[in-house]
Amino acid sequence: MGKGLDFRFDFSLVRESNLRSGEGMTAGQLGRALRRAEKGALAAARRHASGEIGFPDLPFMVKEVRRISRDAAKLRRRFTHMLVLGIGGSALGTKAVLEGVGGPGARKGLALTVADNVDPDGFFPLLRTHPMKSTAVVAISKSGGTAETNAQLSIAIDALKKANGRKWKDHLILVTDPEKGIFRRMAREESFRSFPVPPNVGGRFSVLSPVGLLPLAAAGVSTERLLAGARWMETAFRKRKPEENPVLFSAAVYSHYMLVNPKPVHVWLTYGQGLERMAEWWQQLWAESLGKKRPDGTPVGQTPARAVGVTDQHSQVQLYQDGPPDKVFTFIKWMKGSERGDVPRAGFAPEMAMLGGRPLRDLFDAEFDGTIGALWNAGRPIVRIEIGAGDEAHLGAFLHFWEWVTAVVGEIAGIDAFDQPGVEEGKRITRALMGEKESSVRREQFLRAMKGRASAEIRIRGDV
Ligand code: PA5
């Protein structure tokens with residue numbers, strides 16, 4: 001296990017000796033930050049040992065993953081397509097891994113689509129273009145109480161009934177809490193096939209549970225290798241001393257730039273096909289886990305922003321270089337991409353001749369290094385991460401790495417990285433506005449407050 005895995009974490013550009021701006025960490029600050037990270041990891045480990053948090057167990061669920069692989073193989077024989085309905089943590093991890101291994105079609109399996117929006121202009125056409133006679137619909141909601149996924153499910157059930165008549169139930173699978181919630185009740189009452197999400201694993205930490213494993217296995221992704229990579233990272237985290245431990249070192253650095261020298265924004269610049277969706281997954285993990293109030297009411301958190309190299313060098317990097325020094329940067333790339341194509345030797349204007357006759361990748365890599373150089377010159381703190389390859393084992397390790405970093409930073413910050421009271425409040429208001437019976441008082445209060453606000457609306461209409 002772990003054969004062929006390779007990660008490079010470079011923290012040199014957060015060290016004071018390398019940053020001329022006064023933004024770097026001194027040796028003393030780094031030492032203190034590493035001690036805080038160690039303590040944070042111990043606190044998280046205690047919560048894990050008590051059964052309160054369950055994500056560290058997921059990589060070790062070997063029997064479960066085998067069962068899921070067998071079920072997925074049956075699904076592959078029976079269907080051509082899989083449509084996942086879900087949102088947030090029930091969707092983003094699957095999208096990240098699917099894109100990370102090369103996108104739909106990169107593995108032999110069902111054509112997998114994840115629908116994580118209820119915009120009617122997107123959802124209805126998506127259903128219409130799916131061959132519902134050969135589509136398996138997987139509705140994923142840990143709580144079972146998310147309005148978006150419930151609405152999607154009932155529309156999808158209609159479509160399945162129209163296409164498959166009495167056999168429509170054979171096309172439906174629910175992934176949800178093993179005991180509670182609307183989806184679990186539906187699974188029991190209607191005898192739908194279902195998969196359980198461990199009760200102590202929340203949405204954004206659940207990609208290595210049936211939430212991500214079932215659809216990914218059906219799409220032909222090796223979920224065994226995904227878990228093997230995560231296990232390898234778990235072992236590296238458990239066994240290495242802080243100075244050589246990527247999780248603890250990262251937690252030390254990022255918590256420093258969140259709490260000691262606060263940078264309100266954390267930007268990921270990703271260089272490489274397939275890393276964009278990973279950035280979306282991380283964005284939710286970082287925002288929803290760490291954007292919280294401490295018990296004394298003080299807010300903490302860091303706005304996660306995404307940029308795609310090289311495209312966004314021409315849209316965002318000007319701000320990052322010369323704008324407010326309120327950001328910490330993480331540059332991420334694959335060590336080696338897959339394509340090896342060259343740029344033709346001839347046909348360049350003399351000023352561009354240096355581009356000719358060499359791999360296009362040389363330019364891509366130079367853009368990565370050059371942008372780091374530009375931000376370094378501007379004195380910005382930068383972490384650089386390189387991932388050996390876009391395969392299952394590396395992706396599993398990388399996902400698990402960020403889950404641990406987030407958990408440890410949460411402990412250092414003195415907040416609960418595993419709840420999401422803000423999201424729950426939004427869900428409650430939505431249900432109230434949609435007419436939920438028990439929420440009539442909340443609805444009235446909300447509508448009164450909205451009506452009572454001072455108006456600042458401009459609407460312009462016209463003919464041309
Ligand atoms: O991370 C979380 O807990 C949330 O983002 C949830 O994943 C999201 O709100 C969807 O919730 P559920 O899976 O309960 O439908």
Side-chain angles (χ1 to χ4, degrees), residues 47 52-56 58 83-97 114-119 123 137-157 172-187 192 194-216 277-292 301 303-304 399-400 402-407 409-410 415-434 436:
R47 294 178 73 184
E52 190 191 345
I53 56 176
F55 83 88
L58 297 176
L83 179 61
V84 167
L85 312 175
I87 197 162
S90 293
L92 292 167
T94 302
K95 287 167 79 174
V97 175
V114 179
D116 59 355
N117 200 325
V118 285
D119 178 352
F123 190 62
V137 172
V138 182
I140 308 180
S141 176
K142 166 80 190 300
S143 63
T146 302
E148 293 90 332
T149 317
N150 274 271
Q152 287 178 324
L153 175 58
S154 70
I155 297 167
I157 287 178
L172 187 63
I173 300 170
L174 302 186
V175 180
T176 190
D177 188 274
E179 300 293 337
K180 333 186 277 251
I182 298 170
F183 273 30
R184 180 51 57 197
R185 204 167 66 222
M186 281 167 82
F192 293 142
S194 70
F195 287 80
V197 189
N200 56 0
V201 176
R204 58 196 174 276
F205 288 86
S206 69
V207 53
L208 301 179
S209 79
V211 168
L213 297 181
L214 177 67
L216 288 167
R277 299 283 93 77
M278 188 59 83
E280 285 176 7
W281 171 82
W282 163 79
Q283 197 169 36
Q284 186 213 11
L285 186 71
W286 206 250
E288 211 168 294
S289 306
L290 302 177
K292 299 275 161 69
T303 304
L399 293 160
H400 203 57
W402 278 103
E403 289 176 344
W404 263 119
V405 173
T406 306
V409 172
I415 46 134
D416 185 356
F418 300 95
D419 66 0
Q420 55 285 322
V423 179
E424 305 303 340
E425 174 67 359
K427 286 183 179 181
R428 278 193 293 273
I429 294 178
T430 304
R431 285 201 303 267
L433 288 177
M434 290 300 289
E436 186 182 56

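When a ligand or atom number is given, it counts from 1 through the structure's own listing order. Given the structure is predicted, the values throughout are model-derived calculations rather than measurements. Numbering of residues begins at 1 and proceeds along the displayed sequence.
Residue Glu288 places at least one N or O, backbone or side chain, under 3.5 Å from an N or O of ligand 1.
Given atom 5 (O) of ligand 1, the protein heavy atom at minimum distance is Gln284 NE2, 2.5 Å. Of the protein's non-hydrogen atoms, Lys427 NZ, 3.1 Å is the one closest to atom 11 (O) of ligand 1. For atom 10 (C) of ligand 1, the closest non-hydrogen atom of the protein is Ile87 O, 3.3 Å. Protein heavy atom in closest approach to atom 14 (O) of ligand 1: Ser143 OG, 2.6 Å.
Taking 4.5 Å as the limit, every side-chain heavy atom of Ser143 sits out of range of all side-chain heavy atoms of Asp177. Proximity of Phe418 to Arg47: side-chain heavy atoms (C-beta onward) are separated by under 4.5 Å at one or more points. Residues Ile140 and Val197 have side chains not in contact (no heavy-atom distance under 4.5 Å, counting atoms from C-beta outward). Gln283 has its side chain out of reach of Leu92: every pair of non-hydrogen atoms, C-beta onward, lies at least 4.5 Å apart.
Taking every heavy atom of Ser141 and a limit of under 4.0 angstrom, the matching atoms of ligand 1 come to 12 (P), 13 (O), 14 (O), 15 (O). Using a 4.0 Å cut-off to heavy atoms of Gln420, the atoms of ligand 1 that qualify are 3 (O). Ligand 1 places these atoms under 4.0 Å from at least one heavy atom of Gly89: 5 (O), 6 (C), 7 (O). Of all atoms in ligand 1, listed by their number and element, those nearer than 4.0 Å to a heavy atom of Lys142 are 12 (P), 13 (O), 14 (O).
In terms of modelled atom types and a separation under 3.5 Å, the side chain of Ser209 and the main chain of Val211 share a donor-acceptor contact.
With 3.5 Å as the limit, one finds a donor-acceptor pair spanning the side chains of Glu424 and Gln420. Judged purely by distance below 3.5 Å, without hydrogens or angles, the side chains of Lys142 and Ser90 never pair a donor atom with an acceptor atom.
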